[in-house]
Participant: 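Structure provided below as structure tokens; questions to follow.
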Amino acid sequence: QVQLVESGGGLVQTGGSLRLSCAASGRTFSTYVMGWFRQAPGKEREFVAAIRWNGNSPYYADSVKGRFAISRDNAKRTVYLQMNSLKPEDTAVYYCAAKGDSYYTTVSGEYDYWGQGTQVTVSS
């Protein structure tokens with residue numbers, strides 16, 4: 001069992017930055033693929049970024065590529081999402097997710113564990 005707790009959301013102006021954190025419990029955290037998703041009001045949950053257990057070859061949605069960076073610290077059991085050059089369209093609840101194997105996927109239904117979400121609001 002893995003429990004995920006996100007933090008770091010908030011209100012920021014267009015062009016600003018935020019860093020989200022996701023703290024995980026569970027001894028096997030270091031073997032999981034970790035992902036970030038987001039859901040805006042009235043929209044479906046969408047993939048943002050994912051990272052393998054060793055931190056290599058992170059994968060991003062086209063909409064955030066070049067602006068967001070995902071990273072992880074297995075010793076701290078934490079995954080991060082650094083968000084720069086934020087836009088109003090980035091406004092959403094951001095969710096951390098864990099997948100209990102080493103295969104990347106952008107499909108939310110294939111992730112096994114989810115956090116409760118943290119709100120990010122970007123004002124214009």
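Heavy-atom basis, side chains included; hydrogens, waters and symmetry copies ignored.
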Participant: Would you say V79 and F37 are hydrophobically clustered, going by side-chain heavy atoms of ILVMFWY under 4.5 Å?
Facilitator: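 Different clusters: V79 never reaches F37 through Ile, Leu, Val, Met, Phe, Trp or Tyr contacts under 4.5 Å.
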Participant: Measure the CD-CD distance between Q119 and Q39 for me, rounded to the nearest 0.5 Å.
Facilitator: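 Result: 11.0 Å between the selected atoms.
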Participant: Which atoms form the tightest heavy-atom contact between A24 and L4, and what is the distance?
Facilitator: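 Distance-wise, the nearest heavy atoms are CB-CD2, 3.5 Å.
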Participant: Just wondering, do R19 and L81 contact through their side chains at under 4.5 Å, heavy atoms?
Facilitator: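 Side chain of L81 against side chain of R19, heavy atoms only: no contact under 4.5 Å found.
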Participant: How far does CD of Q1 sit from OG of S25, to the nearest 0.5 angstrom?
Facilitator: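 It comes to 7.5 Å.
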Participant: Taking the side chain from E6 and the backbone from Q116, do they hold a donor-acceptor pair closer than 3.5 Å?
Facilitator: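 Side chain of E6 to backbone of Q116: a pair is present.
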Participant: By side chain to side chain contact (heavy atoms under 4.5 Å, CB included), which residues pair with S17, not counting sequence neighbours?
Facilitator: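 Only Q82, N84 meet the side chain to side chain contact (heavy atoms under 4.5 Å, CB included) criterion with S17.
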Participant: With the 4.5 Å side-chain cut-off for hydrophobic clustering, are W36 and V64 part of the same group?
Facilitator: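 Yes: a chain of side-chain contacts under 4.5 Å links W36 to V64.
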Participant: For V12, what residues pass the side chain to side chain contact (heavy atoms under 4.5 Å, CB included) criterion, not counting sequence neighbours?
Facilitator: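 For V12, the residues satisfying side chain to side chain contact (heavy atoms under 4.5 Å, CB included) (neighbours in sequence not counted) are L18, L86, V122.
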Participant: List in chain and number order the residues that pass salt bridge (Lys or Arg N to Asp or Glu O under 4.0 Å) with R67, two or more places apart in sequence or in another chain; answer none if no residue qualifies.
Facilitator: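 Listed in chain order: D90.
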Participant: Which pairs count as ring pair (Phe, Tyr, Trp, His ring centres under 6.0 Å) when at least one residue sits in residues 52-108, sequence neighbours excluded?
Facilitator: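 Counting only pairs at least two positions apart or across chains, the ring pair (Phe, Tyr, Trp, His ring centres under 6.0 Å) contacts touching residues 52-108 are F47-Y59.
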Participant: Start with the C-alpha gap between S63 and R38, add the side-chain angles, then the distance that decides, and say whether side chain to side chain contact (heavy atoms under 4.5 Å, CB included) holds.
Facilitator: CA-CA 12 Å; S63 58; R38 66 186 182 185; 3.5 Å; yes
Participant: Residues in side chain to side chain contact (heavy atoms under 4.5 Å, CB included) with T105, at least two apart?
Facilitator: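 For T105 the side chain to side chain contact (heavy atoms under 4.5 Å, CB included) partners, ignoring immediate neighbours, are K99, V107, E110, Y111.
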Participant: Can W114 be reached from V2 by stepping across I, L, V, M, F, W or Y side chains whose heavy atoms are under 4.5 Å apart?
Facilitator: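 Hydrophobic grouping puts V2 apart from W114.
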Participant: With sequence neighbours excluded, give me every disulfide bond (SG atoms under 2.5 Å apart) pair touching residues 64-109.
Facilitator: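 Counting only pairs at least two positions apart or across chains, the disulfide bond (SG atoms under 2.5 Å apart) contacts touching residues 64-109 are C22-C96.
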Participant: So, taking the atom named CG in D101 and the one named CZ in R52, what distance separates them when rounded to the nearest 0.5 Å?
Facilitator: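 The CG atom of D101 sits 10.5 Å away from the CZ atom of R52.
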Participant: So which pairs with a foot in residues 32-90 pass disulfide bond (SG atoms under 2.5 Å apart), sequence neighbours left out?
Facilitator: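 Of all non-adjacent pairs touching residues 32-90, none passes disulfide bond (SG atoms under 2.5 Å apart).
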Participant: Between A40 and T91, which heavy-atom pair has the shortest distance, and what is it?
Facilitator: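 Residues A40 and T91, closest heavy atoms: CB-O, 3.7 Å.
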Participant: Measure the shortest side-chain to side-chain distance between I51 and V33 over non-hydrogen atoms and say whether it is less than 4.5 angstrom.
Facilitator: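 They are not in side-chain contact.
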Participant: In terms of hydrophobic clusters joined by side-chain contacts under 4.5 Å, are M34 and V93 together?
Facilitator: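 Shared cluster, no.
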Participant: Please report the closest heavy-atom contact between G100 and D112, naming both atoms and the distance.
Facilitator: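 Where G100 meets D112 most closely, the heavy atoms are N-OD2, 2.7 Å.
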Participant: Tell me which pairs pass disulfide bond (SG atoms under 2.5 Å apart) where either residue lies in residues 54-92, with sequence neighbours left out.
Facilitator: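 Passing the test, one end in residues 54-92: no pairs.
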Participant: Just to verify, what does R72 make a side-chain hydrogen bond (donor to acceptor under 3.5 Å, both in side chains) with, not counting sequence neighbours?
Facilitator: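 Expected list: N74.
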Participant: Is there side-chain contact between L11 and V120, with at least one heavy-atom pair below 4.5 Å?
Facilitator: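 Result no, sub-4.5 Å side-chain heavy-atom pair not found.
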Participant: Write out all pairs satisfying disulfide bond (SG atoms under 2.5 Å apart) with one or both partners inside residues 49-90, taking only residues at least two apart or from two chains.
Facilitator: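 Checked against disulfide bond (SG atoms under 2.5 Å apart) - neighbours excluded - no pair reaches residues 49-90.
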Participant: Excluding sequence neighbours, so at least two apart, what forms side chain to side chain contact (heavy atoms under 4.5 Å, CB included) with E89?
Facilitator: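 In terms of side chain to side chain contact (heavy atoms under 4.5 Å, CB included), with neighbours along the sequence ignored, E89 is linked to K87.
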Participant: For K65, which residues count as a salt bridge (Lys or Arg N to Asp or Glu O under 4.0 Å) partner, sequence neighbours excluded?
Facilitator: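 Salt bridge (Lys or Arg N to Asp or Glu O under 4.0 Å) check on K65 returns D62.
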